[in-house]
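Report on the following structure.
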Amino acid sequence: MTNYYRITGYWPENDCCFIMDSNGMFEKLWQFSSYLISKGLKVLKVSKIENVLDINIDKVQYDTEHIFLRANADGEPEFVNHAIDGITYPAVKVADKLYIIKE
């Protein structure tokens, strides 16, 4: 999964947030970020998928032509705590979708 990336961001113009995945469209993570910024979106969290622990988001298939919207909601994303096996981790939440960035 070398080119699989996840970005959580905010679209100020429409006051909504999102989680987007790219699996193969961009060679580098900064290219994905730069693309979204060029569209007027604010990038809040970026990660390679190997640094993500998915709670309820399935991974997408390899695709060199598409970016996948995994979740969207009004307002900004929530940064919450989520417990797994008695350990609490910081997590990102958009609508009902939740994931942890392993640091």
Side-chain angles (χ1 to χ4, degrees):
M1 289 190 242
T2 57
N3 295 342
Y4 194 135
Y5 308 118
R6 175 163 296 157
I7 291 181
T8 299
Y10 177 68
W11 189 9
E13 182 179 325
N14 289 304
D15 188 31
C16 63
C17 60
F18 58 86
I19 298 172
M20 289 189 185
D21 285 0
S22 170
N23 185 8
M25 186 169 171
F26 301 98
E27 185 177 330
K28 304 285 183 185
L29 181 54
W30 70 264
Q31 293 169 320
F32 187 16
S33 295
S34 180
Y35 177 80
L36 295 180
I37 291 167
S38 76
K39 302 298 181 190
L41 306 174
K42 281 180 69 175
V43 171
L44 303 176
K45 294 284 185 181
V46 299
S47 46
K48 295 179 180 180
I49 203 67
E50 56 264 22
N51 296 328
V52 167
L53 177 59
D54 282 315
I55 304 302
N56 62 352
I57 304 173
D58 295 327
K59 291 178 179 57
V60 298
Q61 296 294 321
Y62 182 80
D63 186 322
T64 60
E65 297 180 15
H66 299 96
I67 295 170
F68 296 88
L69 179 64
R70 309 317 314 272
N72 66 294
D74 290 335
E76 295 192 25
E78 296 178 63
F79 299 99
V80 299
N81 291 320
H82 184 78
I84 299 174
D85 297 328
I87 300 171
T88 301
Y89 300 93
V92 178
K93 183 178 180 189
V94 172
D96 66 337
K97 300 299 182 186
L98 187 70
Y99 73 98
I100 293 167
I101 299 174
K102 300 182 281 185
E103 297 180 4

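Predicted, not measured: the structure shown is a model, and the values here were computed from it.
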What about L36 and L44, same hydrophobic cluster or not, with Ile/Leu/Val/Met/Phe/Trp/Tyr joined at side-chain heavy-atom distances under 4.5 Å? no
Looking only at side-chain N and O atoms, does Y5 offer a donor or acceptor that is under 3.5 Å from a partner on N23? no
Return all side-chain donor-acceptor pairs below 3.5 angstrom for residues 26-34, not counting sequence neighbours, or 'none' if the list is empty.
{"unit_1": "Q31", "atom_1": "OE1", "unit_2": "E27", "atom_2": "N", "d": "3.0"}
{"unit_1": "Q31", "atom_1": "OE1", "unit_2": "K28", "atom_2": "N", "d": "2.7"}

K42 versus P12, closest heavy-atom pair with distance: CD-CG, 3.8 Å
For residues V92 and I49: do they belong to one hydrophobic cluster (side chain heavy atoms under 4.5 Å, members Ile, Leu, Val, Met, Phe, Trp, Tyr)? yes
Could you see if I100 belongs to whatever hydrophobic cluster contains F79? Use Ile, Leu, Val, Met, Phe, Trp, Tyr and a side-chain cutoff under 4.5 Å. no
Could you state the interatomic distance from SG (C17) to CH2 (W11), rounded to the nearest 0.5 Å? 12.5 Å
Within a radius of less than 6.0 Å around OH of Y35, do more than 12 heavy atoms belonging to other residues, nucleotides or ligands occur? no
Any chain of hydrophobic side-chain contacts (each under 4.5 Å) joining V46 to L41? yes
Show, in sequence, the C-alpha distance, side-chain angles and deciding distance for L53 and I84, and conclude whether the side chain to side chain contact (heavy atoms under 4.5 Å, CB included) test is met. CA-CA 11 Å; L53 177 59; I84 299 174; 3.6 Å; yes
Among all residues two or more places apart in sequence or in another chain, which pass the side-chain hydrogen bond (donor to acceptor under 3.5 Å, both in side chains) test with Y99? T8
Using a 3.5 Å cut-off and no angle test, enumerate the donor-acceptor pairs between side-chain atoms of residues 60-73 and protein atoms at least two apart in sequence or in another chain.
{"unit_1": "D63", "atom_1": "OD1", "unit_2": "E65", "atom_2": "N", "d": "2.8"}
{"unit_1": "D63", "atom_1": "OD1", "unit_2": "H66", "atom_2": "N", "d": "3.1"}
{"unit_1": "D63", "atom_1": "OD1", "unit_2": "H66", "atom_2": "ND1", "d": "3.1"}
{"unit_1": "D63", "atom_1": "OD2", "unit_2": "H66", "atom_2": "ND1", "d": "2.9"}
{"unit_1": "R70", "atom_1": "NH1", "unit_2": "D21", "atom_2": "OD2", "d": "3.2"}
{"unit_1": "R70", "atom_1": "NH1", "unit_2": "D58", "atom_2": "O", "d": "2.5"}
{"unit_1": "R70", "atom_1": "NH2", "unit_2": "D58", "atom_2": "O", "d": "2.9"}

For the NZ atom of K45 and the CZ atom of R6, what is their distance to the nearest 0.5 Å? 14.0 Å
In Å, rounded to the nearest 0.5 Å, how long is the span from CG of D15 to CG of D74? 6.5 Å
Is K93 atom NZ crowded by more than 12 heavy atoms from other residues, nucleotides or ligands, each under 6.0 Å away? no
Are V94 and M20 in one and the same hydrophobic cluster, where Ile, Leu, Val, Met, Phe, Trp and Tyr link if side-chain heavy atoms are under 4.5 Å apart? no
